[in-house]
Amino acid sequence: GGSGGRLGAALRQLARCADVTAVRPHDFGPPGGFGFRCERDVKAGEVLLEVPIEFAITSERARSAVLREVGVELEALLEVTSQDYLCLWLLLERERGAPSEHADFMEQLPRDIFEMSAAYWPDSVLEELGGCEARVRLTDQRERVEQCYERVVRAAEGAGPQVQQRLSDCLNLDGYIWARCILNSRQFEGSWCTETSSIGVLMPLVEYFNHSCELPEGECVRRGGDEKRGTMQVVALSDYSEGEEAMIRYGRVGNSHLLERGFAVEGNPHDSVELVLGARCSTARVPELLAAAPGMGAEGFGDFVWRERPGEHGDGAEAMVTLRRWQPLPEALLKLVRLECLSDEALASALASAGPAAGRRGIAPLGEECERIALGRLLAVVEAMLARLGAAPAAGIDDADPHAGLRRMVAAAREGERAVLAGLAKAVYARLVELLVELREGKTAEAVGGSVWFCYLREAKPKLELAQQSGLFAQHFCRLQSLPLSCDSSALSEAFHSWAATQVFLWLHNFVGGAVARQAPAAEQLAGWHREAEEGPVAAGQYLKLYFEKMALWGRYLMAQFLCGGAFELSAMNTMQMESVGIRNGNAWSLPTLEALRLIAEQGPLLEVGCGNGLWAALLRDSLSADVLAFDTADWDARYGEREGDGPMMGSRSAAVQQGGPEQVQAHPDRTLMLMWPDYSGRGAFGTTCLEHYTGDVLVLVGEWRGSTYGTVNPWGQSFSEELINSVERDFELQTRLPLPCWPLAADAVMLWRRRR
């Protein structure tokens, strides 16, 4: 009964049962084990295997065989279910052995229940599931199997000594568990088989197909043949090459369900988590609750189910919402939590303002404040569920561990649930930013104190102060500090918070939705730069690391304030702006990325004039071995323009910086000129003086540009004078523009220009 025996039995079945076959049973080894290998190239839509339905083992056939074997009528075993009959059939056929006409089918079935259900894996392995939903499901599976076994034993005892005696050798708990695991992992839903009305069918050979969650949607099992002789066809959902394993889809099944079949898939896109919510009921609330998810439960994969329907059990109701990796925040969930955040008085007021017709339809307007509170509660739910899930084991999986494969599947299931919850946190956070962007009430027609939201923020200040005093702000801030917004890496979490900080500053100055704001780097692009800061050259990543530390901190701080009171503290935002100016003075006014540095290095040899601290030049030289000369004047040169204030303009200069100004352009005519923020506040003649002396064909500029700036200082930006911009656009043509990570209200980019001829 080893693997060779199982494979041989499957091959004999193939020769005896299959009408059409493009596949052959094969042992692929761990982790997949047995499956079907393509005997030739196969196109999507082709039939991989076709087996006559006459070979199907339905519950009706199993029941007839069992009743015949034990010598009683159906009425004697009324308590036995269709699934029980299939289990008893399996046990009797296993006992019969080689003489059975189904010997090959029985021979190729697994012996080890580990292979068919994680419910029976060692406790030392299952403990690593911690508070996962998968652990609850597996415990429930074991209990249900034992209850079914007790029911069958009770039915056998009630049927008399003849039945007891015939089943005495094969019916025991271990045997019944094995049979149930066979059904659990190998039976097919029987809607394609008109010969049965039961939920499951055992089909020789077909159960050899393994599951892939990467296959496209489609019908992989269908009825074939004709009225006289039906068949079960397995259809390819994708193209396969000769020798490749052909697989099927079990549906959109997450790892918590797949473990019940004895395996899990790393990175399963269909992982899910079930969330149970209680809801208060009243005469006014019931129609609102029922309207929160109209039609749900009958469709949409059952992602919303009323476990206790509103209005049927007194003053409470209970819903179960399924959160999926690809849909972590169902609209029905948000609606329910919004309603739960409203007091009866507030709901009555909302219904009254909507009018009687709206009330009858159950669509009370709930408002921005209600949604903010609901989003805050959902973040608290995620925090609690992640805490229940527990941390992953600190130690890695030892390949020498005999249960290493099982532990990897447990880890895949645990991380899948963590990914769903992180996805919920991310979706809630994104919705919170959307709520800010959609905010309209409180806006003034003209800017007051530099912002159209000045009056709104001033009026909200007492609410923020109260949140600080009560500890509510601290709760939200700490929660945003600890909650992951991505399970794959910390980069996306930090990037999302940084992106949120940018959105708040854009909102404050009424830039949200504008053309320049739409060009701002998205969270995903910021995540790439964050990974670069963590994994790239140390020198190149230090400034980026500092940027993300600050921006992510500011994002958490500001969004915690928004959760508390729907507003922000202006003094805190002013402090952030001032700190960003100090950081830029101490490093560089634009943030370097590897992509930008590589693009610039390709234009070498280079000459940077007005290089400030020389950070970019040092990175080009030290990290990319670029040929670059960097110059700047020792002090502010009034010949090129005026400046405000007398504070320090720069920090500690790199050793790469040499003393010199625009005159160096003439001294190095063979080098490509690079200018980065040469004109203070976008005014002065430093940049134009450099350009007047430049005769080269390629020009590298770093900073803001007309048409790609928020215009908080000048309509043409803060980096270059309007005169320089006019000259460049007249004499040069833009070849490449690379956006850069930006401090609040900046719109920096690397621009590569080529002289017109």
Side-chain angles (χ1 to χ4, degrees), residues 367-377 379 425 428-481 483 485 493-514 516-517 520 523 526 547-583 710 712 742-746:
E368 172 268 336
E369 183 176 10
C370 176
E371 180 151 350
R372 268 194 302 100
I373 296 170
L375 293 171
R377 288 195 184 179
L379 289 175
V428 168
Y429 196 78
R431 178 60 193 144
L432 195 62
V433 177
E434 285 178 19
L435 204 60
L436 167 67
V437 171
E438 294 169 1
L439 195 60
R440 294 290 181 269
E441 189 175 346
K443 182 178 176 182
T444 55
E446 300 293 333
V448 179
S451 172
V452 294
W453 294 104
F454 180 84
C455 296
Y456 172 83
L457 296 179
R458 182 181 58 192
E459 291 174 6
K461 187 176 180 181
K463 188 184 293 186
L464 291 177
E465 291 174 346
L466 182 61
Q468 290 272 12
Q469 296 165 6
S470 67
L472 181 61
F473 167 78
Q475 287 179 16
H476 285 306
F477 180 71
C478 291
R479 187 168 292 132
L480 293 178
Q481 283 276 70
L483 277 182
L485 303 182
S493 294
E494 298 304 289
F496 241 83
H497 291 302
S498 302
W499 169 77
T502 297
Q503 296 303 306
V504 173
F505 278 93
L506 293 179
W507 170 86
L508 179 67
H509 292 272
N510 205 31
F511 293 136
V512 169
V516 179
L526 288 169
Y547 166 79
F548 281 111
E549 285 174 8
K550 291 297 181 182
M551 288 292 287
L553 175 66
W554 297 344
R556 290 181 174 99
Y557 185 93
L558 293 170
M559 296 316 291
Q561 285 195 328
F562 189 60
L563 278 166
C564 290
F568 311 97
E569 188 182 356
L570 272 174
S571 61
M573 295 184 71
N574 289 335
T575 300
M576 293 170 190
Q577 279 280 56
M578 291 171 62
E579 187 176 0
S580 73
V581 171
I583 292 172
Y710 296 111
T712 54
C742 295
W743 292 99
L745 301 179

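Values reported hereafter were calculated over all heavy atoms of this structure, with side chains retained and with hydrogens, waters and symmetry mates removed.
At least one side-chain heavy atom of Phe548 sits less than 4.5 Å from a side-chain heavy atom of Leu526. Side-chain contact check for Ile373 versus Leu563: every heavy-atom pair is 4.5 Å or farther apart. The shortest side-chain heavy-atom distance between Arg431 and Glu371 falls under the 4.5 Å cut-off. Using a 4.5 Å heavy-atom cutoff, the side chains of Leu436 and Val512 are not in contact. By the 4.5 Å heavy-atom criterion applied to side chains, Lys550 and Ser580 are not counted as neighbours. Side-chain atoms of Leu570 and Lys461, non-hydrogen and from C-beta on, never get closer than 4.5 Å to each other.
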Can Phe562 and Val504 be said to form a side chain to side chain contact (heavy atoms under 4.5 Å, CB included), step by step?
CA-CA 10 Å; Phe562 189 60; Val504 173; over 6 Å; no

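A donor and an acceptor atom, one from each side chain of Glu446 and Thr444, are nowhere located under 3.5 Å apart.
Side chain of Arg556 to main chain of Phe477: no donor-acceptor pair is present (N/O by atom type, distance under 3.5 Å, no hydrogens or angles). Remark: the backbone N or O of Val437 is not paired with any side-chain donor or acceptor of Gln503 at under 3.5 angstrom.
The structure places CE of Met576 at 4.0 Å from CG of Leu558, a figure rounded to the nearest 0.5 Å. Note that the CD atom of Glu569 and the CD atom of Gln468 stand 6.5 Å from one another [nearest 0.5 Å].
Residues passing the ring pair (Phe, Tyr, Trp, His ring centres under 6.0 Å) test with Tyr557, sequence neighbours excluded: Phe473. With sequence neighbours left out, the ring pair (Phe, Tyr, Trp, His ring centres under 6.0 Å) criterion links Trp453 to Tyr456, Trp507.
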